[in-house]
Structures are given as C-alpha cells and as structure tokens.
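The next block holds one structure in the form of structure tokens; read it before the comments.
Quantities reported herein were computed from a predicted structural model and do not represent experimental measurements. Lettering of chains follows the sequences in order, A, B, ..., and the numbering in each one begins at 1. Side-chain atoms are counted along with the backbone in the values below, which use heavy atoms only and exclude waters and symmetry mates.
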There are 2 protein chains.
Amino acid sequence: MEHEDPRARILDAAEELFYGQGIQAVGMDAVRSASGMTMRRLYQHFPSKNDLVEAYLLRRDGRWRASLAVYVSRSGGTPREQLLAVFDWLGRWFAEPGFRGCAFVNSLGELGATTPAVAAAARHHKEEFGGYLAGLAEAAGAPPTTAVHLTLLAEGAITAAAVHGDPTAAADAKQAARILLDAALPR
Amino acid sequence: MEHEDPRARILDAAEELFYGQGIQAVGMDAVRSASGMTMRRLYQHFPSKNDLVEAYLLRRDGRWRASLAVYVSRSGGTPREQLLAVFDWLGRWFAEPGFRGCAFVNSLGELGATTPAVAAAARHHKEEFGGYLAGLAEAAGAPPTTAVHLTLLAEGAITAAAVHGDPTAAADAKQAARILLDAALPR
DNA sequence: GCAACGTGAGAACGATCGTTCTCACTGGCG
DNA sequence: CGCCAGTGAGAACGATCGTTCTCACGTTGC
C-alpha cells in the first residue's frame, strides 16, 4: 500500500486536500506531508503546482465518469431506466462523507478566471457528461433536447446538494427527470 | 459620482474584483486602488478582508434577488408566465459581459470549507431563491415539488452557462420548465 | 577503499498577502 | 499663533506560499 506508485500517492493526497479545502487553500507543503514525500520528489513528479492541479482534475474527471458509467451500465435496465439511474448514482455521491460539490465547478470559480487550463478542464468534464447523457437519451429514443434538460437537472442537483448539504436533491431531480422523459417518450 | 458613499465605492470595487477574479486572487491592495481609497480608510470601513467579503456577498444577494423580482413582476403575466420569466431574466444575466456564474457557488467552492460565514451566505442565498420560486409556484397553483424542480433547472442553467460561457442554457431550462409546468398544471 | 552521484530532510529565498505603523501635513479651536 | 486630532500616502511587518538550494549521508561502480 505504501510502495504504491509515487505519482498515485501524490495525486491521492492532492485530490483529498484540493477537493476538500479548495486549491488555493492547500499549500504544496501540505501535499508533501500528506503524501509522505519529500519536496524534491514531489517536484520531480509535478514541476509546479499548476501541473499538479491539472493532473488532479484530469484524473478525477476520468474516475468520476468511469464510476458513473459502471454504475449505470450495471443497473441493467432499459435506456430509460439507465437515464434515471444516473440520478441514483448522484444521490450516492452526494451522501458520501466529504462531498463538497463538483470539483470542476469549484476549481472553475476559484481559478477559472486566471488559469485557462482549469477552465478548459471544467468545460471538458461537463461536455463529456452531457455527451454521455445524450448517448443514453438517444438509445432511449428521446430527443437531444431531453438530454440537455436532464443535464441541467443533474447540474442543478449537484449544486443544490453542495450548498444545502442535502442528498435529497438527487431524488428531486430524478422525479423531474421522470416527468420530462414521460413527456418525451409517450408510452 | 466620486463623492459617493465610501462604503459603496469600496463594495463596488470589491464586487467587481471578487466576482471577476475570485476572492483569494484579489488582494486588499487591489480593492484599495480600485476604490480610490487609502488603506486606512479601507480598514476603517471593513476591519478585515473577511468583513469585506461578507458585506460583498450580503449586498450582492439583496441586489440579485431584487433585480430578479423586479423583472418578473414587471413581466406582468400570469403566475405561470412569471415562473417562466425567471428563466428569461437568467438569460439576460448570462449574457452580461463578465458573467462568471453564481457568486455564491463560486465563493462556496473557494472558501466554504474554511469560512463558515461564506457557506452560510451561499445557503441563505439559495434558500431565498428557492423560496421565491416556491411562492410563484404556489400562486400558479403548482405543487411545491414543481418549484423544487424549477429551482434545480435554474441552478443547472447557471452552472452550465458559467462553464460553457453560453447563455442558451437559460432557454433550454425554460423549455424544460414549460414541460414540467404543463405536466403539473393540466389545462 | 574511494570517488561520484542520487536522495532525504528541511532550510532558504523571493514574492505576495493581510494588516498595522510611521510621519509629514492639514484644518479647526483656544 | 500654537496645539492637536485626524488624514493621506505608503512603508513596514510578520506570515505564508511556491520553488529552489544546501548539505550530510548512503549507495554504487571501479
């Protein structure tokens, strides 16, 4: 466990700290001590804090979307049920200890105006998520606009859950999604 | 114009800087020079940066919600049309130059974990907004759950517009809101 | 055995930040 | 006129940050 890939150990520590406290609130020394590294080795793997931040966002994007896709595909229902399962996955995420909203929205608000790479990472993450929902919607036979609507509901649920610290936003969004799907897919 | 209330001049400068660049990215010296103040006078009105941040959020909350309420009430339609006018107002906001998402969500992501007053301000802002939509929904004869759904759509539209820099999220959300209202208020 | 090198641990450096202090100066009051 | 309370302008201070440097030490190759 401790002979892990040093890069992974650093990214693990960085992710927990950056996501939990905000990027600017975490100094490189905190990352160093949390990862059990020395300064030299830390900067060997990530030549600057910006590089570490970008790697953090990139890895989190991949893991987040993979976790969602695995959950949804294992839910094993119809495409319509898979679209609704997205909100179940959101509800589980919201209930995780330490949930603090979307890492990309948070980093965008904090650094988006000054660090273009952060803004680009957030845009990419949201585009991929929207594209994923669009794919599910297409499989369900729903028009693309419905996918956009569900994307907005999901985004809103993430924000609401973060602000109020209340995971029920996922169930609320799921309920609305069901109504929209029913309207788009008359049975 | 320049003999304005010093407090207002400071808050004007702070709002533009904090909202446009993030709170931590703006130093007190930048606020001082942008407001044409001296350090002494700046700290006379706001004894610490935290006080200034809280005042910034408080004033922005009041102005934001007042501007929305004025727009909606002047739209002069039925309660149902007023609910939809909320999304028109959002669209105008998104198209304003310098739009960078919700100031409260941004500050929550940046400072929410370390500054309870910021988290409380964000919660208050979102609760007031949700309550406002709930009032409109009640007047329209829609169930409270519909108000929650529209609130999630509005939140999602704000986030989407901020991430993609694209004001059309407001029209998308309005379209979804219409569907939800039609389902809740059969005519 | 020894020289060369890479590493650990942390001090050091320069920049920046929030906040306070200095100091010359101004205007009102006796 | 003389005094003093308050101000403007900005330097100063202590803390913190990102990043680099020092230096003693252990290891490796000859």
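- Taking every side-chain heavy atom of A/R41 into account, C/dG8 is the closest of C/dG8, D/dG18, D/dA9.
- Each of A/V26 and A/R40 was assigned the nucleotide of DNA chain D with the nearest heavy atom; the assignment lying further toward the 5' end belongs to A/V26.
- Using a 4.0 Å cut-off between a side-chain N of Lys or Arg and a carboxylate O of Asp or Glu, A/R65 and A/D61 qualify as a salt bridge.
- If you measure from atom CD1 of A/I10 to atom P of D/dG18, you get 15 Å, rounded to the nearest angstrom.
- Note on B/Q24: nothing from the nucleic acid sits closer than 4.0 angstrom, heavy atoms only.
- Rounded to a whole Å, the CD1 atom of B/I23 is 15 Å from the C1' atom of C/dG18.
- Position along DNA chain D of the nearest nucleotide to A/Y43 versus B/M37 favours B/M37 as the more 5'-ward residue.
- Rounded to an integer number of Å, the gap from A/D29 CG to D/dA15 P is 17 Å.
- For the OP1/OP2 pair of D/dT7 and a distance below 4.0 Å, the side-chain nitrogens and oxygens of B/Q44 include at least one atom meeting the criterion.
- Distance CG (B/L42) to C1' (D/dT7): 15 Å, rounded to an integer number of Å.
- Spacing between atom CE of A/M39 and atom P of C/dG10 amounts to 11 Å, rounded to whole angstrom units.
- Using a 4.5 Å cut-off on side-chain heavy atoms (C-beta onward), A/L42 and A/K49 make no contact.
- In this entry the distance linking CZ of A/F46 with P of D/dT19 reads 13 Å, nearest Å.
- A salt bridge does not link A/D12 to A/R9: none of the charged side-chain nitrogens sits closer than 4.0 Å to a carboxylate oxygen.
- Residues A/R178 and A/D182 are not paired through a salt bridge, judged by the lack of any N-O separation under 4.0 Å between the basic side chain and the carboxylate.
- No engagement by A/V31 is indicated, since no non-hydrogen atom pair under 4.0 Å with the nucleic acid exists.
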